[in-house]
**Q** 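Please read through the structure below; I'll follow up with questions.
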Amino acid sequence: MDHKNSKKPTYSRFSQQELPAWKPILTPGWAIASFITIGTLFIPIGLLALSASDNVVEISDRYDEVCVPDDYSSKAESYIQNPDVKKTCIRTIKVPKKLVAPIFVYYQLENFYQNHRRYVKSRSNKQLRDPKAEDDTHDCFPKSKTKDGKPIVPCGLIAWSLFNDTYKLSTRGKEISINKKGIAWKSDRKAKFGSNVYPKNFQKEGLIGGATLDEQIPLSEQEDLIVWMRTAALPKFRKLYGKIETDIEAHDSIKVEIENNYNTYKFGGRKKLVLSTTTWIGGKNDFVGMAYIGVGGICLFMGINFILLYVFRPRRLGDPSYLSWNRHPIA
Amino acid sequence: MTGWRRSSGSRQSGDSASAGAPLAVDRSVSSSTIRLGRVQPQAPGHRTVFCNDREANYLAKYKGNGVSTTKYNVATFLPKGLYEQFRRVANLYFLTISCLSFTPVSPVSPITNVIPLSLVLFVSLVKEAFEDWKRLQNDMTINNSSVDVLQEQRWESIPWKKLQVGDIVRVKQDGFFPADLLLLASTNPDGVCYTETANLDGETNLKIRKALEKTWDYVAPEKASEFKGEIHCEQPNNSLYTFTGNLMLQKQTIPIGPNQILLRGCSLRNTQYIVGAVIFTGHETKVMMNAMNVPSKRSTLERKLDKVIATLFGVLLSMCLIGAIGSAVFVNKKYHYLELWINGDSQQFNPNNRFVVFVLSIFTLITLYSPIIPISLYVSIEMIKFIQSTKFINNDLRMYHSETNTPALARTSNLNEELGQVEYIFSDKTGTLTRNLMEFFKCSIDGEMYGTGVTEIEMGAAKRNGVNIKEKTSSSTAREKGFNFDDARLMHGAWRNEPNPDMCKEFFRCLAICHTVLPEGEESPEKLRYQAASPDEAALVTAAKNFGFFFYRRTPTMVYVRESHVEKMGKVQDVTYEILNVLEFNSTRKRQSVVCRYGDGRLVLYCKGADNVIYERLTSGNDELKKISREQLEQYGEAGLRTLCLAYRDLNPETYESWNEKFIQAKSSLRDRERKLDEVAELIEKDLTLIGCTAIEDKLQEGVPSSIEILSRAGIKIWVLTGDKLETAINIAYACKLINNDMKQFVISSETDAIREVESRDDQVEIAQFIRETVKNELQKCHEEAQSIIHGSTGQKLSLLIDGKCLMYALDPNLRSTLLSLSLSCSSVVCCRVSPLQKAQVTRLVRKGANKITLSIGDGANDVGMIQAAHVGVGISGMEGMQAVMASDFAIAQFRFLTDLLLVHGRWSYLRLCKVVSYFFYKNLTFTLTQFWYNFQTGYSGQRFYDDWFQSLYNVFFTALPVIILGLLDKDVSASLSKKYPQLYKKGIENAFFNWKVVGTLACFSVYQSVIVYNFAIASSTTGLASAGKILGLWDISTAAFTCLVITVNLRLLMMCNTVTRWHSISVIGSILGWFLFIFIYSLVFVNKDLFFRIYISWSYKIGDVFQGTYFTIYVLMSTAYFYLMAILVPIVALLGDFLYQGAQRWFYPHDYQIVQEIHRHEPEAIGAGLLEVGSQLTPEEERRYAFALLPRERSKHTGFAFDSPGYESFFATQQGVTAPQKPWDVIRRASMRHKTKSPRHSQQ
């Protein structure tokens, strides 16, 4: 045959579907080996994580209810909205274990939907980082402009509802200083908030949603705002309030002076103050360790089950009698 | 030649006055494509063509000769292409979603939906453009091929597309006709030319066309330029075999018929050149009007897919409903920080109007959850299938037929996986199962068997015994068309030394004399050709020639045979035999006799016929010979050979004379002549002496029996639909192992005495009624019997044989269901004497009635209907013409390649597609469900969990490639094992890998995994996770969750793989790394915000938000230990469920393919192994079958019966000038070369 005219396909491993391949077969051996391996690897990791979490000392104190004076107990909302009532509230916290610096002070809110769609998008990133873009407020509905049409900087619901409770801590009569610097992620400070953008017309009219901002300080240094504006994923969340750079001894009691300004009463939210140390795994977090131990345990259990299966219900690999046409012999 | 020069210029007004009038009637023909066989209604009027006068024809504005088969042009491509795309529901859905995402209800930015949609559209459009480009190039080649046109008394070469109606053209030998031409003159004497119409109807034999006598002289250009004729003819139509028109030449009107027409697409043969006038051009030519649009078929899997998608849509709606109700309940003024009482342009969160909240939330959530329907599914499937068919099927060396140089060809890529689910194969016989080549193969003379050949079937049997027999091709074999016999005892005159040379001589003489063959051509053994009605007869006469009895001439009364005789060794002698009577063959008699007188006055009757007919008429005595011969006949029959018994009878003159009188009387009777002739023949065809028997091999295509056996082991039922007679069909069915004697056979035939008797009364109504009744009774009887056998314990297999006439009645709506249920319970069905229409009907019956997946395979134009009717149509390419191939979805060169096509490619494609489709569901469902869970935590506000870009790239980038690799490369067992264990194919027939159970299981794991991914990722979000005590925000958590998700779904894919090639690893690892690469860069993009996205930002303000959210998230995450711990933990926990399930499934309920994998787990896959024969190693199953086969059982009672073929009876009739009723597909055959007697219509002068 003429070679030029030959339509014979040329051989290639691809076109003949003969590419070299690894053909894994999930044999009991493989299953047992993987289960045991995962089990033996995961349990130590879990233990490690758990012990790290265990070393973390975390103290939390819910104060939203307690801080409402008795005569307002049934009308907490009117209490919080009354500017004439003194909002200071004193709490005492016992320290069960020594808190080693740095100690992180958090506030925790519950039932607060920072992740609500309307809330999440109510901000103007451009405005936050660029002084020229202060009019860029169309996303900030319903907090974009003042009544006379001046742009609010920072605009939007998120900034407007900035948390404004404050804490003063003291132990043995001595005030513990809380460092409010360096509580926000560096990337946020550097890139998202302009160092030449200053608050304008903020909380000037209408309902006051939360904290006010010093118009002399650029946004990039307003770390409370920066922290607040990194919206949380869940309606129960913590935000870093500040750092304490001195140790607190065990069994000390900490006196906390709370300015209870933030209105969570209207929607039934909760407020907590949390003091926590960290280790390599972060704050108190038993979940990771437990999950690892749990999964490791399940895997070991499965591994043992498979071994038992292998012993008591063996199936010879490649036994032709398992082929369906052999199971129902042709008559 | 003024007309020529001005043709391209503008029309001259002066000319119109003279030539315009007769043209006014013309032309209003649509050129829409139609199917073959359906004649388009003709436009009224006729067309007038002025030969050799372009100017005159210009007025009629005939179409040019250029053809275009493209779908689009530059201007229409975008609108038309997009329109085509949006005709798909899925694309329309995503377009709607994209539109929705531009409205304020959308939680996601438009890019989320626009980007994947445009990518999908882009890929589809590129594919469309590519295909159309190929069509365009093909058109261009055709349009630009050159043809000689008469110009200024010279032949000028111009491209086809410039050709116009009325031009005089010259076509040289082997050239194609550029348009439909009127043949004017040919270089052959008598104005004859030969054409091949293979492109048109698949017939390879040459057809004669003859020019009108008046025009014979216009051969030379000088002469031709003087030709000025006017053709009045019908409007363009698609009927290939008809043409009516007149040629007005020198004031004479000469009628033109199809005999003078040369059709575009045919080619000229055996003729130096012809001169013709163009009548129809371009799209108006008959071949173009016949252009078939291959009906686009959708695979069953895809139709099932639609249901699943509809279900998914239902799931989507209920998810939206849940979310919307939640949203309507949640909105409350108490969340003062949301300021819900202030409403801008949207009422979405208005607590005072919860119903509006509900409605708008539905739209919000549909937009959010839209990825539950995998957008890239269809385009991915298309791509996979396209590569499967173009790279794998078309390139498979196992399906390449080197003798005809034909590779397999997938003409559509829609049906690859359908090949893996075929349950019924409808096969044509001639050309598909058999080669339509009759060969004298063996014979038995006086009880002695001769012939050493081994048939395909015997070889198959031997192979099953573990013996590999190679066909011996010794040099002594006289191989000639029709003769494949080798035995030294008979060849070259050696028969003289056999124990019974006289009997041998009678045998050979019978072969040489008793037939109705016409010799043709030069009277030498090498050059002479035999014209026989049935190829069996030709084979017998050829055999006689090879034995030294060369039949070379026939006159009405004489037969001339050149014999090499005993007495005169080495010399030849011409002997003449006087033929006194020919008692012709017909299907009732099943025999044929000749009464002849030797030169010495000896009167002999030679007879040949079916064994049972001959045996009934043998003279008594010599039982030993009869018994031996009977056994031999059975042996031949078992080997798949067609047998005939030969016998003779010496007559004494008195007996003969008295009989001859009766014969002449019968012959001249006017009523019931045939019956009377039969009766008379009975009188003399008795007391015969058996000479022996012949065995003719109806050569099967290579490997047919073994392929059929493999296919039936795969659970496929094979039906043979043939135009042949019942006996032939049965014979082939035996030969192909479709039927054996262990089977219960139901025969429903119209060839019964009762029916014949009714038919002889010639009352159409009565005949119809009678046959209907008979068929009804037969069917019901057979059905009952079949049911009792099926419910019984014998396990006997059933087969049904039915002929076309009965089938016609059985297909009646009342009987259809009985026929269907009867035939479905049979493992093989043979329908004989069926018309092309019935072939299609039967196919449709099973396809529609039984809802089974059907495949039709055939080679000729008469199989087109059935090929189109079946789910999958397969054409046999390389041998005959193109008609079947043009209508088919797949074309292969040999029937045996069907095993590769189905068991290997089909099965793999099915498995792969099932995996691809289920994986798409799985990954998108998992993805969407995480969003769904998150919605519960966001006050049902429809807040998105993932960044827009994550969502849009999830489908088209992070999870796209591995699944395509899986769809291309996954294979459970190797090609050779697929054929070794054909039973693996059954899973496809049962559709075991893509049903609701599979989808349901998948959905469960999808739910589980999404729960794990979502909850594990979000579980620790409340506490500080960095050692610096800082807190993660929403976008950090979502990035972490997305990372876990991408890793999980990609690893899940690896768990689905049966084989892991380098490409699997690269694509899976690549996808995961691709995600990291993306997020590393994407997290930084914020800094360079103005560089690339400025334009984008200008129209979509939302973009800024996107970047803000995920800015630096991955780096933040990577500074925490938590992230790494989760990235390892989550995929493992998520996949633990699948792992456990797979392990347990394999342990307790292993699939067959898994067992096969295990059996052969240590065998390395030999490269190119499939190209060699699989060795004689037997599987346990085969061993068992073999053991069964060896059990003693009744010998086959079947003997083959040769000597029939369609058209046999009409052959002599046509010789005598009587026309037999023509079958529609027979028309051209009748005009073929061999019937030279047919003269063209002459002009009335």
Side-chain angles (χ1 to χ4, degrees), chain A residues 1 6-9 11 15-19 21-23 25-26 31 104 113 115-120 125-126 141-142 157 161 185 187 191-192 209 230-240 266-267 278 280-285 287-288 291-292 295 315 317-318 320 322-325 331, chain B residues 107 334-339 342 344 349 391-392 395 397 400 405 407 795 937-939 941-943 983 1018-1027 1029-1031 1033-1034 1037 1059-1061 1086-1087 1104-1105 1108 1111-1112 1116 1121-1122 1125 1129 1133 1142-1143 1146-1147 1150 1152 1155 1157-1159 1161 1167 1180:
Chain A
M1 193 191 310
S6 173
K7 292 180 197 152
K8 185 174 184 174
Y11 177 87
S15 66
Q16 299 308 312
Q17 311 198 52
E18 284 169 349
L19 287 174
W22 174 53
K23 294 168 197 149
I25 294 178
L26 185 58
F104 298 96
Y113 286 87
N115 58 9
H116 195 278
R117 181 154 76 93
R118 181 177 171 107
Y119 190 83
V120 173
N125 295 313
K126 245 184 148 180
F141 179 86
L157 282 176
S161 60
W185 295 97
S187 56
K192 292 187 190 170
R230 196 176 186 100
T231 45
L234 292 180
K236 172 183 167 185
F237 60 90
R238 265 179 209 182
K239 298 244 173 228
L240 189 54
K266 183 160 183 169
F267 55 86
T278 59
W280 59 271
I281 199 175
K284 184 95 182 158
N285 190 349
F287 175 78
V288 177
Y292 264 88
V295 171
R315 173 170 85 77
L317 271 189
Y322 272 84
L323 291 168
S324 62
W325 56 93
Chain B
K334 71 182 181 181
Y335 299 103
H336 65 89
Y337 54 93
L338 299 175
E339 299 222 318
I342 303 175
F349 298 111
K391 294 288 167 207
F392 296 158
N395 278 330
L397 283 168
Y400 170 72
N405 188 21
Q937 299 284 355
T938 64
S941 60
Q943 171 59 31
Q983 294 93 337
I1018 213 156
S1020 324
S1021 70
T1022 316
T1023 47
L1025 294 166
S1027 48
K1030 288 167 191 164
I1031 300 283
L1034 162 59
I1037 299 294
T1059 50
V1060 181
T1061 67
F1086 183 66
V1087 178
D1105 196 18
Q1108 174 93 41
Y1111 177 64
F1112 232 70
V1116 164
Y1122 158 82
L1125 287 174
L1129 177 71
V1133 179
Q1142 284 189 10
R1146 186 158 203 136
W1147 195 245
D1152 290 333
I1155 298 287
Q1157 282 175 344
E1158 287 168 10
I1159 295 174
R1161 65 188 179 282
I1167 301 306

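All values reported here derive from a predicted model rather than from experimental measurement. All chains are named by letter (A, B, ...) in the order of the sequence lines, taking the proteins before the strands, and each is independently numbered beginning at 1.
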**Q** Name the region of K236(A), side chain, backbone, both or neither, that has any atom closer than 4.5 Å to a heavy atom of chain B.
**A**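 Looking at K236(A), backbone and side chain both touch chain B.
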**Q** Heavy atoms only: give me the nearest L397(B)-P9(A) pair and the separation to one decimal.
**A**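 It is CD2-O, 3.2 Å.
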**Q** For I1031(B) and W185(A), which heavy atoms make the closest approach, and how far apart are they?
**A** O-NE1, 2.8 Å
**Q** Count the heavy-atom pairs under 4.5 Å between each of K391(B), H336(B), Q1142(B), Q1157(B) and chain A, then report the option with the highest count.
**A** H336(B)
**Q** Determine, step by step, whether Q943(B) and Y113(A) satisfy the side-chain contact (heavy atoms from CB on, under 4.5 Å) criterion, reporting the C-alpha distance in whole Å, the side-chain angles of both residues, the deciding distance to 0.1 Å, and the verdict.
**A** CA-CA 11 Å; Q943(B) 171 59 31; Y113(A) 286 87; over 6 Å; no
**Q** Working to the nearest 0.5 Å, report the span between CG of L338(B) and CZ of R117(A).
**A** 12.0 Å
**Q** Verify side-chain contact (heavy atoms from CB on, under 4.5 Å) between T938(B) and V120(A), making sure each step is shown before the conclusion.
**A** CA-CA 10 Å; T938(B) 64; V120(A) 173; over 6 Å; no
**Q** Out of L26(A), N285(A), L240(A), return the one with the most heavy atom pairs under 4.5 angstrom to chain B.
**A**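 Heavy-atom pairs under 4.5 Å are most numerous for L26(A).
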**Q** Heavy-atom distance under 4.5 Å to chain B: side chain of F287(A), backbone, both or neither?
**A**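 When you check distances to chain B, only side chain atoms of F287(A) fall under 4.5 Å.
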**Q** Indicate yes or no for a side-chain donor-acceptor contact from R118(A) to the backbone of S941(B) under 3.5 Å, with no hydrogens or angles considered.
**A**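 Side chain of R118(A) to backbone of S941(B), a donor-acceptor pair under 3.5 Å: no, none is there.
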**Q** If I measure from the heavy atoms of chain B, does K266(A) come under 4.5 Å with its side chain, its backbone, both, or neither?
**A**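 Contact with chain B: backbone and side chain both.
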**Q** Let me see the working for E1158(B) and I25(A) under side-chain contact (heavy atoms from CB on, under 4.5 Å), right down to the final yes or no.
**A** CA-CA 8 Å; E1158(B) 287 168 10; I25(A) 294 178; 4.2 Å; yes
**Q** Which of parallel (below 30°), tilted (30 to 60°) and perpendicular (above 60°) describes Y337(B) and F267(A)?
**A**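 Because their plane-to-plane angle is over 60°, the rings of Y337(B) and F267(A) count as perpendicular.
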**Q** Against chain A, work out which of T1059(B), L1125(B), T1061(B), I1037(B) has the most heavy-atom pairs shorter than 4.5 Å and name it.
**A**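 If we count pairs closer than 4.5 Å to chain A, L1125(B) comes out on top.
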**Q** Which one, S15(A), P235(A), S161(A), P142(A), leads in non-hydrogen pairs under 4.5 Å with chain B?
**A**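 Sorted descending by pairs with chain B, the first entry is S15(A).
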**Q** Given L317(A) and R1161(B), is the side-chain contact (heavy atoms from CB on, under 4.5 Å) satisfied, shown in steps?
**A** CA-CA 9 Å; L317(A) 271 189; R1161(B) 65 188 179 282; 3.7 Å; yes
